[in-house]
Amino acid sequence: MALPDLDDLIAEVDRTCDTACNPHGREPQQPDWLALLATAAKVAGELQALADDLVEDYVEHCRMHGYSWTEIGATLGVTRQAAQQRFLAPHKRYAPEEFAGELREAMTRVKQVAIEHRNNYIGTEHLLWGLIGENNSATRLLEDRGLSPADLRRALQAKLSMGASQAAERIAFTPYSRKALAIAEDLAKQRGSQVIGCDHLLIGLVRVGRGVAAAVLREAGLDRESLDGLPYDGSGTPVRDG
């Protein structure tokens, strides 16, 4: 994969800056350079956050497989203390009883598809694959929105990539997957549920807004704006007025 080209990033700033052509009362022919600078800073921040997530993902794998903070720090060119300060925040491990029965079944499919594709991580694509494999609150939510789980599965199949090595027995969740699970947990609590359901995790994948799953769902017509436009009672069934 080629890294982003600087000229492409500059073009993206120019394209997305809403007030680029509205100068602040200065030379009429000049663009709003401060607005462009603010947009460039935003893009740079998003790229930095993406880079941080990438490194964090592999630090998590190293810790999971027994590497010390000294070894991790040396690899990153920093001290053990610096590596700990940056990455020590623990990631929650979910116990099976925190998931509804349907989500426990989905998680079995999640790990299975990761292993089949020789992926040493569980990404949002694996989570979505597990969710739409059988009838549950997530597939019912999708069907109510006019989306076919079978069509989504075919679209997702094209996005699943084959890894280069045998998947490890212990597989870490990617940062976006962890964020989706955290959102799902919060959503379940807000709705008074003691467990996380498939529909909660589907909504979490949508609300993260990044990753393969969000892209596939967005292409199918399901994004945060369309999903949040209809309230849910936590059972996977939309609540309609009247």
Are the side chains of [X] and [Y] in touch, meaning some heavy atoms are under 4.5 Å apart?
X	Y	result
W69	V59	yes
R218	L222	no
L156	E125	yes
R118	M162	yes
L54	L50	no
R145	L141	yes

For the residue pair [X] and [Y], what are the closest heavy atoms and their distance?
X	Y	answer
V13	A40	CG2-CA, 3.8 Å
S177	T124	OG-N, 3.2 Å
R207	L187	NH1-CD1, 4.0 Å
H126	N119	NE2-OD1, 2.9 Å
Q157	W129	OE1-CH2, 3.1 Å
P149	T139	CG-CB, 3.9 Å

Drop me the distance from [X]'s [atom1] to [Y]'s [atom2], to the nearest 0.5 angstrom.
X	Y	atom1	atom2	value
L201	L128	CG	CG	9.0 Å
E185	I196	CD	CD1	5.0 Å
I203	I183	CD1	CD1	10.5 Å
Y58	N120	OH	CG	8.0 Å
L142	D151	CG	CG	11.0 Å
R154	K159	CZ	NZ	15.5 Å

Pair D186-Q190, side-chain donor/acceptor within less than 3.5 Å
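D186 vs Q190: no donor-acceptor pair found between side chains.
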
Between D53 and K179, does any NZ, NE, NH1 or NH2 come within less than 4.0 Å of an OD or OE carboxylate oxygen?
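Yes.
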
Should D199 and R140 count as an ion pair when the cut-off is N to O under 4.0 Å?
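Not counted as a salt bridge, because no side-chain N and carboxylate O are separated by less than 4.0 Å.
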
Would you confirm whether [X], through its side chain, and [Y], through its main-chain N or O, come within 3.5 Å as a donor-acceptor pair?
X	Y	result
R80	T70	no
T174	G123	no
H200	G197	yes
E219	V216	no
N136	E134	yes
S193	K189	no

Candidate list L202, L147, L152, test side chain to side chain contact (heavy atoms under 4.5 Å, CB included), partner I132, passing option
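Testing each of L202, L147, L152 against I132, the sole residue satisfying side chain to side chain contact (heavy atoms under 4.5 Å, CB included) is L152.
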
Distance-only criterion, 3.5 Å: show the donor-acceptor pairs between side-chain atoms of residues 98-108 and protein atoms not counting sequence neighbours.
{"residue": "E98", "atom": "OE1", "partner": "K92", "partner atom": "NZ", "Å": "3.0"}
{"residue": "E98", "atom": "OE2", "partner": "A95", "partner atom": "N", "Å": "2.8"}
{"residue": "E102", "atom": "OE1", "partner": "S137", "partner atom": "N", "Å": "3.2"}
{"residue": "E102", "atom": "OE2", "partner": "S137", "partner atom": "OG", "Å": "2.5"}
{"residue": "E102", "atom": "OE2", "partner": "C198", "partner atom": "N", "Å": "3.1"}
{"residue": "R104", "atom": "NH1", "partner": "P96", "partner atom": "O", "Å": "3.3"}
{"residue": "R104", "atom": "NH1", "partner": "F99", "partner atom": "O", "Å": "2.7"}
{"residue": "T108", "atom": "OG1", "partner": "R104", "partner atom": "O", "Å": "3.3"}

Establish whether [X] and [Y] are linked, either directly or via other cluster members, by ILVMFWY side-chain heavy-atom contacts under 4.5 Å.
X	Y	value
V78	V55	yes
L47	L36	yes
Y176	L217	no
L160	L131	yes
L205	Y94	yes

Over 12 non-hydrogen atoms of neighbours within 6.0 angstrom of OH in Y121:
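Result for OH/Y121: enclosed.
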
